[in-house]
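Data block below; observations after.
Naming: A, B, ... by sequence-line order, numbering from 1 per chain. Keep in mind that this is a model prediction, so the values were computed, not measured.
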Amino acid sequence: MKRSQYFLPTLKENPKEAEIVSHRYMLRAGMIKQTSAGIYAWLPMGLKVLKKIEAIVREEQNKAGAQEVLMPTIQPADLWKESGRYDAYGKEMLRIMDRGDREMLFGPTNEEMITDIFRAHVKSYKDLPKNLYHIQWKFRDEVRPRFGVMRGREFLMKDAYSFDLSPEDARISYQKMFLSYLRTFRRLGVKAIPMKADTGPIGGDLSHEFIILADTGESEVYTDKKWNDVDVTAQGLSYDDTAALETYFTEMTNIYAATDEIHDAESAPPSNELDVARGIEVGHIFYFGTKYSKAMGASVQNKDGSIVDVEMGSYGIGVSRLVGAIIEASHDDNGIIWPVEIAPFDAGLINLRSGDAACDKACEDLYQQLQDAGFDVLLDDRDARAGDKFADMDLIGLPYQIIIGPKGLEKGSAEVKNRATGETKDVALDQIVSILGNK
RNA sequence: CGGAGUGUAGCGCAGCCUGGUAGCGCAUCUGCUUUGGGAGCAGAGGGUCGGAGGUUCGAAUCCUCUCACUCCGACCA
């Protein structure tokens, strides 16, 4: 993409409504535009990042055996009356009346709807287990939206729902998602730590929040220092190996990690083995048994002919929140530092002297070569000052900057800058593609 | 939902107290000079001052109502 043609409205100054760093940078980097409190339009580069995160989440869900569906944003109130949540949910639910005076709502979550879909089609134990997910916009009419996309009213969420015959089977489904989540966040370039969460009336140990550590996080968290070097992704562990899954799950959940609400100094490691940090919740998984299946009649016939309410769990990842959360975890004073996997472009190519025949040609050639090699590149071909382009490129945080100017060209080289480390090195023009290939 | 603020050009702000018909920086457009970390000079365009009432000869400014947004707290992917 050529910068001169790209819709990328960057800002030099901080918009005053943005208090936290991710919100400031998302606005300044031209990723989003606020349209109401807690509601945002996604501009091209913001959408690109959002889609990349979404794609990774989707891939990892699929690998874990979940199957994608797509449920609507608008739901009929009747389903929620069945589960009893229509009254219980309160004002956070956006209620709508259609032209026939039917009560509708903009879905804040989808337990009722997925249960309705499930019960319509699944009648036998032979069809279990199942895990269905979708990635869809949700609306929760928060009392106080804030922090940009981190706590919007409208947000993109991946929510999966598992259906099993027994609590034991549900535990396996839960453990698969647990592993899948850790692999997902690792691929996204962030460290998310699973922390035991309140399970409510059901009890047990099957609810975890996944929390990214960042200085600007909302809650204080206490984590065992072991989290710094443990391999959370369990390379080689198959989702089909249920015994190994249980071992892995036990191992991970035995390493201390708790938010301040749950933190208990008695059971926590001594302070010299404990990290105290701040965190942002980006995922939450939950086993809730037959809460909805019982209320809504989602049952199957078992081997012995008996009717069994299915055991359910739900698993959420805040996809749009992750965009902000990742920036919170990865930035410096000059701007965003995108993890390679989700960067909107692989590299930025800066033409320091647009209009200069040699520079223009070198840039065009390299731009073409990089694209041919499969790289998605942003070429800053604007007629602007060097400082403008450097500052802008730092702000939008692409992993690599390739800087072409008259000085380098005399030597037949360009400068390659690593955004994360700040390291720069001169690289011969014909070596650049291979250098990037070894990222 | 309690508390505190803010709405004036695309963005950041001044002007308001003490009414006299709107200004600064950045951005944008034109020209020239520049060009390796957010350039210089000269010129230009752009605002029914959030909205509605009211007071007044006259309202961005005073009064009333209203809408929107932000921040702090309680609540949440």
Whole-Å gap separating C1' (B:C26) and CG (A:Asp392):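 Value for this atom pair: 14 Å.
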Paired with [N]: which nucleotide, if any, by Watson-Crick or G-U wobble criteria at under 3.5 Å for both distances?
N: B:C1; answer: B:G73
N: B:C17; answer: none
N: B:A68; answer: B:U6
N: B:A39; answer: B:U33
N: B:G12; answer: B:C24

Under the 6.0 Å and 45° cation-pi test, does A:Arg183 pair with A:Tyr239?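 Judged by the rule, A:Arg183 and A:Tyr239 form a cation-pi pair.
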Could you check A:Asn334 against A:Ala37 and say which one's nearest nucleotide on RNA chain B is further toward the 5' end?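 Between the two, 5'-proximity favours A:Asn334.
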What about A:Asp394: does its side chain form a donor-acceptor pair under 3.5 Å with the base of B:G37?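 Result: at least one qualifying N/O pair found.
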Between protein and nucleic acid, restricted to nucleotides 10-12 of chain B and to nitrogen or oxygen atoms under 3.5 Å apart, what atom pairs and distances do you find?
{"from": "B:C11", "atom 1": "O2", "to": "A:Glu13", "atom 2": "OE1", "distance (Å)": "3.4"}
{"from": "B:G12", "atom 1": "OP1", "to": "A:Lys16", "atom 2": "N", "distance (Å)": "3.1"}

For RNA chain B, which residues in residues 177-192 of chain A have a heavy atom at a distance below 4.0 Å?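 Listed by number, there are none.
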Is the aromatic ring centre of A:Phe390 closer than 5.5 Å to the centre of the six-membered base ring of B:G38, with the two planes inclined by less than 30°?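 Taking the rule of under 5.5 Å and under 30°, the ring of A:Phe390 does not stack on B:G38.
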